[in-house]
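Comments concern the structure below.
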Amino acid sequence: MVEPNALPLYEKVGVRRPVQRVLDVTIFFLLISLLVYRLLFLHRHGFTWLHVLAFLCECWFTFTWALLVNVTWNPVDYKTYPERLLKRVEDLPPVDVFVTTADSVLEPPIITVNTVLSLLAVDYPANKLAIYVSDDGCSPLTFYSLTEALKFAKTWVPFCKKYKVEVRAPFRYFSNDLSSDGTEEFQCEWRRVKDEYEKLRRTIEEPAKNFASRELTGDLADFSNTNSKDHPPIIKVIWENKEGLWDGLPHLIYVSREKKPQHPHHYKAGAMNALARISGLMTNAPYMLNVDCDMFVNNPAVLLQGMCLYLDPIIDKEYAFIQFPQCFYNGLKDDPFGNQWIVMMEFTFRGAAGIQGPSYMGTGCIHRRKVMYGQSPDGTNISGKHCDDELHKTFGNSKDFVNSAPHALRSLTDYPHGLSNSIKTVNEVATSDYERASCWGTKVGWLYGSLLEDMLTGSEIHKKGWKSAYLTPTPPAFLGCAPSGGPIPLNHQKRAMTGLLEILFSKRCPMFSALFGKLQFRQRMYSVWICLWGIRSIPEICYATLPAFCLIANSHFLPKVQEPVACIPILLFVFYNLQQLLQYLETGQSARAWWNNERMARINTICASSLGAVAVVLKLLGLSETVFEVTKKETSSSSDDTDSSSDGDLGRFTFDESPVFVPGTTILIIQLAALSVALLRIRQPVVQEFGVGEVMCCVWLILCFWSFLKGMFAEGKYGLPWPTLRKSSALAFLFVYFCIMSTK
């Protein structure tokens, strides 16, 4: 009989997708054929800038397609056995959990409270769990909300454990009426706990309306005379599991690191590094889970799922971090804003898991502490045997932290710690200038230099030779709030593209990692593919203007219908969209969802990516700095709120005066102008050089930007602002003028 400790805790199984592979190869073959046609055309007819530009764009599309096929070629799935791990509860390691929030207005505390409550109630020994809430806004309202939430947690956590509640964020659990289910005892308990939650919600939301004018006394006195950008470190132990009860409440610690205007704080990466140091002194768990304030636990066994990989008795200790997918509870039907990422998670991330591992996504991820402290898989670069001077240069001037670091580097769990007794020591590592003359942000911790600190940090971890895993348990491990409207999703995309370009033009560019790092060859291609996303707007915008130029200048860049080679772009268009449609159908989505994501892909690239490119160019020229923008989180915090997703206005595109809408509006006006010129030219007795292909391309782009077209005639937030229309019209006029002048 096999010993329980010898049984594998997980399996890594390949996912077979033969149809997708055939389509991948077919599309690649068609792209190569199109390049061959373009070269033969240039050879026979001479070089013209129109066909050279088309050739360069098609080279880009072919190259990036090859990189994408490399990523999705060998998808894998991880099957975990947490029930086997439950037989070894005493072997479960401690885990520190980091929850990050930055603005109590854009990220209402009730959202953070629900996330924290879901974490307090996870299926994991409470004496091996500590939850740290980082408040980068230094908001007394956030601290007050957490202290009130603790009172409710003493009722909520036992209720969840007793009745094995699946969804442990109260606002989601109580959104379904279960008052008539189960036994009479359960019904009574359910109504009582729901009333307690409604009381908590009112206690948090009602004072929030006038909290700024409230006198700060008692525990809130430390927040007097502070603001979000200039304040001392404030670290408070809200709850300490002093008795070490496995079925009690985990530690709960509030953290607001020091900020000074003269010191850079490095946004979320800086907050994560402060949490790593503070937790290193207080609990020093060998594993760290980080989540955003709006990503609550949806699967209470999430930590057990992750530990199945970390504690498996058969494999080597090769995984640096375990990434869970980002899923959303409020996703609109058919994904009208293309921001639920279901297909990308299923195909791209699962494919990357078959290589060296997926990228770090910034939330829903379990890390090894020693990896974040800079250790390589072989442990040769940093170890606990280094002298004090070397450790001080790496980790800073805190003697206590330097003493704790060797324990983390050796994955020890016996480091002596106390919470309330270590506040004075902890304040030292939370100061704004602590990282000076240390390796924080450069060699250890979350890395600085990009708005996309998660991607940069994960890439450097892979570069050292570590692997990562991608777990997709059922139900999903975490659920978050999907942004809606127009500006918020586009600003998310802009921030991501800006961060990718910052990485691309830095010394940590994956091109150099491919030459000098320990990445597997296919992982190198994956890293290059990700970073090249940042400049995809350039070839796409160029290619999007080619049909319009041809219609206005009476030229062509695609084969005419009567030419046999016309089948190449036609088949390419058909097979590409067929493959995309099949992917959406395979993941349980509709054809409408495919179309919404297709048009949003064009909108995101032309609008958000182009603005991200401009921001990075200005940064490289020294004219401005990129800024991390916190976006507004929306949630239905009340258990009595009804789902309004059926409201027809909920999926409509909204606009504001942000410059992010100018490129898309310009492209739309150019396509409309080109079609108008073409229709006028058809009625004249001249030879039309342009063909059906150019006309169809213009029509396709207009359909992709149909929400912008409706915005040109709508009013209010659903209409394009006049400043945007004026700027776009001026740019479109310049383009049309250039097209006309090029024919003379």
Practice prompt. Enter the distance from I234:CD1 to D219:CG here, rounded to the nearest 0.5 Å.
Written response: 11.5 Å
Discussion item. Check this for me: does any side-chain nitrogen of one of K12 and D77 sit under 4.0 Å from a carboxylate oxygen of the other?
Written reply: no
Fill in: T100 side chain reached by K268 side chain, heavy atoms, under 4.5 Å
yes
Discussion item. Within the 4.5 Å heavy-atom criterion, are K464 and V371 side-chain neighbours or not?
Written reply: no
Discussion item. Are the side chains of F478 and F296 in contact, using a 4.5 Å heavy-atom criterion?
Written reply: no
Discussion item. For D136 and Y267: C-alpha separation, side-chain torsions, deciding distance, then whether side chain to side chain donor-acceptor pair (under 3.5 Å) applies.
Written reply: CA-CA 8 Å; D136 247 17; Y267 309 111; over 6 Å; no
Worksheet item: What residue pairs, at least two apart or across chains, pass ring pair (Phe, Tyr, Trp, His ring centres under 6.0 Å) with a residue in residues 269-294?
Response: Y287-Y310
Worksheet item: Where do L249 and W239 come nearest, in terms of heavy atoms and distance?
Response: O-NE1, 3.2 Å
Item to complete: Compare every heavy atom of T283 with every heavy atom of A130, then report the nearest pair and how far apart it is.
Response: CB-CG2, 3.9 Å
Fill in: Steps toward side chain to side chain donor-acceptor pair (under 3.5 Å) verdict (Y81, Q305)
CA-CA 7 Å; Y81 302 100; Q305 298 273 356; over 6 Å; no
Discussion item. Set out, in order, the CA-CA distance, both residues' side-chain angles and the distance that settles ring-ring contact (aromatic ring centres under 6.0 Å, His included) for Y144 and Y254, then state yes or no.
Written reply: CA-CA 10 Å; Y144 165 79; Y254 171 89; over 10 Å; no
Response to the item:
For H462 and S468 the tightest heavy-atom approach is NE2-OG, 2.9 Å
Practice prompt. Kindly compute the distance separating CD1 (I111) from CG (D292), expressed to the nearest 0.5 Å.
Written response: 11.5 Å
Worksheet item: With distance as the sole criterion, is a donor-acceptor pair present between the side chains of Y373 and R369 under 3.5 Å?
Response: yes
Worksheet item: So L120 and V122, side-chain contact (heavy atoms from CB on, under 4.5 Å) or not? Walk me through it.
Response: CA-CA 6 Å; L120 289 170; V122 295; over 6 Å; no
Fill in: Verdict with reasoning, R192 to E189, per salt bridge (charged side-chain N to carboxylate O under 4.0 Å, His left out)
CA-CA 5 Å; R192 181 181 67 85; E189 284 286 294; 3.1 Å; yes
Fill in: Non-hydrogen side-chain atoms of L92 and L304 separated by less than 4.5 Å
yes
Worksheet item: When you check the side-chain N and O atoms of Y360 and N290, is any donor under 3.5 Å from an acceptor?
Response: yes
Discussion item. Nearest 0.5 angstrom please: L252 CG to E240 CD, how far?
Written reply: 11.5 Å
Worksheet item: Does the ring of F143 carry K236 above it, NZ/CZ under 6.0 angstrom from centre and within 45° of its axis?
Response: yes
Discussion item. For V113 and L200: C-alpha separation, side-chain torsions, deciding distance, then whether side-chain contact (heavy atoms from CB on, under 4.5 Å) applies.
Written reply: CA-CA 10 Å; V113 161; L200 170 68; 4.2 Å; yes
Discussion item. For a side-chain contact (heavy atoms from CB on, under 4.5 Å) check, start with the C-alpha distance between V133 and V255, then their side-chain angles and the critical distance, and finish with the verdict.
Written reply: CA-CA 6 Å; V133 180; V255 175; over 6 Å; no
Discussion item. Whether E428 and K399 form a salt bridge (side-chain N of Lys/Arg under 4.0 Å from carboxylate O of Asp/Glu) is what I want to check.
Written reply: no
Discussion item. Between P473 and T80, is there a side-chain heavy-atom distance shorter than 4.5 Å?
Written reply: no
Practice prompt. Show your working on side-chain contact (heavy atoms from CB on, under 4.5 Å) between Y319 and W466 and close with a plain yes or no.
Written response: CA-CA 6 Å; Y319 291 113; W466 287 103; over 6 Å; no
Practice prompt. Please determine if K151 and E148 form a salt bridge, counting it only when a charged side-chain N lies under 4.0 Å from a carboxylate O.
Written response: yes
Discussion item. My understanding is that only residues two or more places apart in sequence, or in another chain, count here; which of them pass side-chain contact (heavy atoms from CB on, under 4.5 Å) with P109?
Written reply: S104, L141, T142, S145, I204
Worksheet item: Taking atom types as modelled, is there a side-chain donor on T431 or E258 under 3.5 Å from an acceptor on the other?
Response: no
Fill in: Test log, rule ring-ring contact (aromatic ring centres under 6.0 Å, His included), inputs H367 and W446
CA-CA 11 Å; H367 303 267; W446 279 256; 5.4 Å; yes
Worksheet item: Can you name the one residue among Y163, W190, Y173 that meets ring-ring contact (aromatic ring centres under 6.0 Å, His included) with W156?
Response: Y173
Practice prompt. Could you walk me through whether E185 and K162 pass the salt bridge (charged side-chain N to carboxylate O under 4.0 Å, His left out) test, one step at a time?
Written response: CA-CA 12 Å; E185 178 190 13; K162 179 178 180 179; 2.8 Å; yes
Worksheet, complete the sentence: Nearest heavy-atom approach of V429 to R277 is O-NE, 2.9 Å
Worksheet item: What's the verdict on side chain to side chain donor-acceptor pair (under 3.5 Å) for N114 and R172, showing C-alpha distance, side-chain angles and the deciding distance?
Response: CA-CA 9 Å; N114 271 277; R172 290 295 295 171; over 6 Å; no
Item to complete: Of all the heavy-atom pairs spanning F349 and S359, show the shortest one and how long it is.
Response: CE2-O, 3.8 Å
Discussion item. Please determine whether a side-chain nitrogen of the Lys or Arg among D123 and K164 lies less than 4.0 Å from a carboxylate oxygen of the Asp or Glu.
Written reply: no
Discussion item. I'd like to know if the side chain of Q323 and the backbone of G364 have a donor-acceptor N/O pair within less than 3.5 Å.
Written reply: yes
Response to the item:
CE (M272) and CG (D454) are apart, to the nearest 0.5 Å, by 10.0 Å
Response to the item:
Smallest heavy-atom separation, I235 atom then V426 atom, equals CD1-CG1, 3.1 Å
Item to complete: State, yes or no, whether a side-chain contact exists between R410 and P406 at a heavy-atom distance under 4.5 Å.
Response: yes
Discussion item. Ring centres under 6.0 Å, that's the criterion: do H266 and W440 meet it?
Written reply: no
Worksheet item: Below 4.0 angstrom, N of the basic side chain to O of the carboxylate: do K128 and E90 qualify?
Response: no
Item to complete: Flag yes if more than 12 heavy atoms outside K161 fall under 6.0 Å of its NZ atom; otherwise flag no.
Response: yes
Worksheet item: Under a 4.0 Å N-O cut-off, is there an ion pair linking R201 with E198?
Response: yes
Practice prompt. Could you walk me through whether R350 and T472 pass side chain to side chain donor-acceptor pair (under 3.5 Å), step by step?
Written response: CA-CA 9 Å; R350 200 180 289 282; T472 57; 3.3 Å; yes
Worksheet, complete the sentence: Rounding to 0.5 Å, atoms OG (S459) and CG (L519) come to a distance of 6.5 Å
Discussion item. So Q326 and I342, do their side chains get closer than 4.5 Å, heavy atoms only?
Written reply: no
Item to complete: Determine, for K79 against E11, whether the closest basic-nitrogen to carboxylate-oxygen distance falls under 4.0 angstrom.
Response: no
Worksheet item: Are F324 and Y470 near enough that their ring centres are under 6.0 Å apart?
Response: no
Item to complete: Step through it carefully: locate the ring centre of F328, locate the ring centre of W341, and say whether they are under 6.0 Å apart.
Response: yes
Item to complete: Supply the atom-to-atom distance D96 CG to I278 CD1, rounded to the nearest 0.5 angstrom.
Response: 11.5 Å
Fill in: Side-chain touch S134/S256, heavy atoms, less than 4.5 angstrom
no
